[in-house]
Amino acid sequence: MANNAGAAGGGALYGLGIFGAWVWFWQQADGFWWYLWAIVQGIFWPAFMVYDVFKALGS
């Protein structure tokens with residue numbers, strides 16, 4: 001029997017991050033397409049964050 005407790009905790013933390021990102025990006029949106037983009041950003045926020053960090057380190 002496998003122990004998946006760590007995976008469940010990570011998924012819950014990622015889920016909270018998605019909701020937090022949706023709130024943040026939704027407040028910044030102004031118009032239909034910006035709201036749609038806010039939903040996409042909320043789902044993929046870790047990728048955007050890592051990209052921005054690498055871009056800042058490379059400059």
Looking at every non-hydrogen atom in both residues, tell me the closest pair between G42 and F25 and how far apart they are.
N-CD1, 4.0 Å

Aromatic ring pairing W37/F48, orientation class (parallel under 30°, perpendicular over 60°, tilted between):
perpendicular

Do other residues, nucleotides or ligands put more than 12 heavy atoms under 6.0 Å from D52 CG?
yes

Report whether [X] and [Y] are members of the same hydrophobic cluster (ILVMFWY, side-chain heavy atoms less than 4.5 Å apart, transitive linking).
| X | Y | value |
| --- | --- | --- |
| M49 | I39 | yes |
| V40 | F19 | yes |
| V53 | V50 | yes |

dist W45:CH2 -> W24:CH2 (nearest 0.5 Å) comes out at 14.0 Å

Inter-residue atom distance I18.CD1 - Q41.CD, 0.5 Å rounding:
13.0 Å

Those residues at least two apart in sequence (or on a different chain) that pass side chain to side chain contact (heavy atoms under 4.5 Å, CB included) with Y51 are K55

How would you list, by chain and number, every residue that makes a ring-ring contact (aromatic ring centres under 6.0 Å, His included) with W34, sequence neighbours excluded?
none

Considering residues at least two apart in sequence or located in another chain, which fulfil the ring-ring contact (aromatic ring centres under 6.0 Å, His included) criterion with F44?
none

I43 and W22: side-chain contact (heavy atoms from CB on, under 4.5 Å), yes or no, with the steps?
CA-CA 8 Å; I43 295 170; W22 278 336; 3.8 Å; yes

